[in-house]
Amino acid sequence: MNTIVLQTNYTKDKTSDYLTSMENLIEDLNKKDNQRIVVEGQFYNKKSRNPILSYLKDNSKRLLYDYETELVFYTSENFYTLEQLKTNHNFKTFCVPDFDEVDKFEFYLLLSDMRNVYHFYDIPHDNPHHRVDVRTHALLTQDFVLNSFTNSKFMSLYNKFLLLDAAYLHDIGKPLTKTFLDKRGNRTEIAHYYNHANIGAVISFVIPSPDNILDYKDIEAFHRYKWERAWLINHHMDFYNYPKDWTDSQRLIRFKEKHKGNDALVDLLWKLHEADKNCESFIGD
């Protein structure tokens with residue numbers, strides 16, 4: 001398969017020039033079959049990458065030229081520290097690509113103190129919505145998933161590991177986002193965790209995938225697993241954002257309207273939401 005690599009540091013003022021070059025590229029695709037277009041850049045949120053990816057994903061062009069798209073993020077040539085992650089605006093607003101945006105997605109992050117990822121999970125919640133510390137809540141969420149969902153014979157082994165993995169890591173961004181200031185900058189007695197799902201999704205890319213269910217020679221499978229795990233972490237708070245009087249069905253329908261491409265993964269996300277919401281209800285007073 002022929003590969004064309006598009007490298008860009010996207011900015012709004014370059015949009016028209018960039019899309020002009022895209023038109024020329026698309027027109028050249030009819031010269032060869034089965035093209036693979038790799039878009040390299042730093043499109044951390046959907047708004048920044050939409051002009052390019054929506055153009056590439058135009059159905060008329062895809063049907064005509066038969067190509068697939070791949071999005072590759074290279075954050076930096078330098079190592080980041082965990083402390084640097086929480087001050088980076090791109091990471092605080094990071095949104096994992098949906099599965100109708102691109103055919104493949106890879107994200108490369110170099111973290112110098114990766115060994116501390118699990119250790120720094122040990123912090124108190126200091127929030128009335130939780131009765132246990134952050135790590136214990138993660139373990140309870142995982143335990144809820146294990147007892148309520150993954151014992152089903154209809155769930156694949158891959159999805160069982162994926163859901164259990166995401167359950168434990170879903171709040172991995174909380175230690176970097178914990179603050180006693182509200183959104184207006186006023187000091188509060190309780191802790192807040194703004195954007196912890198975004199930061200958590202970023203961190204998840206440096207955490208190894210379970211090689212006991214993935215063929216270590218299948219690099220695409222590893223990238224796919226990390227993509228799906230990060231997507232679950234990135235969106236695990238989304239169902240809380242709908243009106244409180246909405247039914248579960250209304251929440252699911254609205255979410256699926258916004259995030260297309262993988263209904264099976266949305267179903268896993270709902271299970272993660274249920275586990276996250278209910279896992280502490282079994283704790284005695």
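Nothing here was measured: the structure is a model prediction, and the numbers come from that model.
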Inset, instruction - For E70 and E106, run side-chain contact (heavy atoms from CB on, under 4.5 Å): C-alpha distance rounded to whole Å, both residues' side-chain angles, the deciding distance at 0.1 Å, then the answer. - result: CA-CA 8 Å; E70 181 175 334; E106 298 177 13; 2.9 Å; yes
Legend entry - Worked verdict on Y121 versus I172 for side-chain contact (heavy atoms from CB on, under 4.5 Å): CA-CA 7 Å; Y121 224 168; I172 198 69; 3.7 Å; yes
Inset, instruction - Please assess N234 against N198 for the test side-chain contact (heavy atoms from CB on, under 4.5 Å), listing each intermediate value before the final yes or no. - result: CA-CA 5 Å; N234 205 164; N198 307 80; 3.8 Å; yes
Inset, instruction - Report the C-alpha distance between F91 and Y80 in whole Å, list the side-chain angles of each, state the deciding distance to 0.1 Å, and finish with yes or no for side-chain contact (heavy atoms from CB on, under 4.5 Å). - result: CA-CA 12 Å; F91 296 150; Y80 282 90; 3.9 Å; yes
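Within the 4.5 Å cutoff, side-chain heavy atoms of F144 are placed close to those of F149. Under the 4.5 Å side-chain criterion, counting only non-hydrogen atoms from C-beta, L85 is in contact with L111. Residues E101 and L71 form no side-chain contact, since every pair of their non-hydrogen atoms from C-beta on lies 4.5 Å or further apart. The closest side-chain heavy-atom distance from L162 to L232 is below 4.5 Å. Side chains of H259 and D238 form a contact here, defined as non-hydrogen atoms less than 4.5 Å apart. Within the 4.5 Å cutoff, the side chain of L146 has no heavy atoms near those of the N151 side chain. Annotation: side chain of L164 is in contact with side chain of T150 (closest heavy-atom distance under 4.5 Å).
Connection of L176 to I190 is not established within any shared hydrophobic cluster, with ILVMFWY side chains joined at heavy-atom distances below 4.5 Å, either directly or through further cluster members. At a threshold of 4.5 Å between side-chain heavy atoms, the hydrophobic network of Ile, Leu, Val, Met, Phe, Trp and Tyr places I123 and I203 in one connected group.
Donor-acceptor pairing under 3.5 Å is recorded for the side chains of N147 and D143.
Sorted by first and then second residue, the salt bridge (charged side-chain N to carboxylate O under 4.0 Å, His left out) pairs with a member in residues 227-236 read D165-R229, R224-E228; sequence neighbours excluded. Pairs passing the salt bridge (charged side-chain N to carboxylate O under 4.0 Å, His left out) check and including a residue from residues 87-100, sequence neighbours excluded, read K46-D98. Residue pairs satisfying the salt bridge (charged side-chain N to carboxylate O under 4.0 Å, His left out) criterion with at least one member in residues 179-205, sequence neighbours excluded, are absent.
Checked against ring pair (Phe, Tyr, Trp, His ring centres under 6.0 Å), F99 has the following partners two or more places apart in sequence or in another chain: W227, W231. Remark: A191 pairs with D126, K178, F180, Y193 by the side-chain contact (heavy atoms from CB on, under 4.5 Å) rule, at least two apart or across chains. Taking the side-chain contact (heavy atoms from CB on, under 4.5 Å) definition, one finds that P243 meets it with D245, W246, sequence neighbours left out. Applying the side-chain contact (heavy atoms from CB on, under 4.5 Å) criterion to S156, with sequence neighbours excluded, gives Y158, N159. With sequence neighbours left out, the ring pair (Phe, Tyr, Trp, His ring centres under 6.0 Å) criterion links H196 to H236. Not counting sequence neighbours, the partners of H137 by the side-chain contact (heavy atoms from CB on, under 4.5 Å) test are H125, H130, V132, T141, H170, D171, D276, C279, E280. Partners of Q142 by side-chain hydrogen bond (donor to acceptor under 3.5 Å, both in side chains), not counting sequence neighbours: none found.
When each of I199, N45, N88 is checked for a side chain to side chain contact (heavy atoms under 4.5 Å, CB included) with T93, only N45 meets the rule.
The closest donor-acceptor contact from the side chain of T87 to the backbone of Q84 lies under 3.5 Å.
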Compile the donor-acceptor pairs under 3.5 Å between side chains in residues 265-274 and protein atoms, sequence neighbours left out, one pair per line.
from, atom 1, to, atom 2, distance (Å)
E274, OE1, N278, ND2, 3.4
E274, OE2, K277, NZ, 3.3

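Between I233 and G200 the shortest heavy-atom distance is CG2-C, 3.7 Å. The shortest non-hydrogen separation linking K260 to K256 is CG-O, 3.6 Å. For the residue pair A230 and A201, the shortest heavy atom distance occurs at O-CB, 3.6 Å. Contact between V102 and P97 at its shortest, heavy atoms only, is CG2-CB, 4.3 Å.
For the atom pair SG (C95) and CG (N90), the distance works out to 13.0 Å, reported to the nearest 0.5 Å.
The ring of F73 has its center closer than 6.0 angstrom to the ring center of Y44. In this structure, the ring of F255 has its center no less than 6.0 angstrom from the ring center of Y242.
Other cluster members for M237: Y240, joined by side-chain heavy-atom distances under 4.5 Å among Ile, Leu, Val, Met, Phe, Trp and Tyr.
Atom CD of Q250 has more than 12 heavy atoms from other residues, nucleotides or ligands within 6.0 Å.
Note on ring orientation: taking the six-membered ring where Trp is involved, the planes of F107 and F94 are parallel (angle under 30°, cut-offs 30° and 60°).
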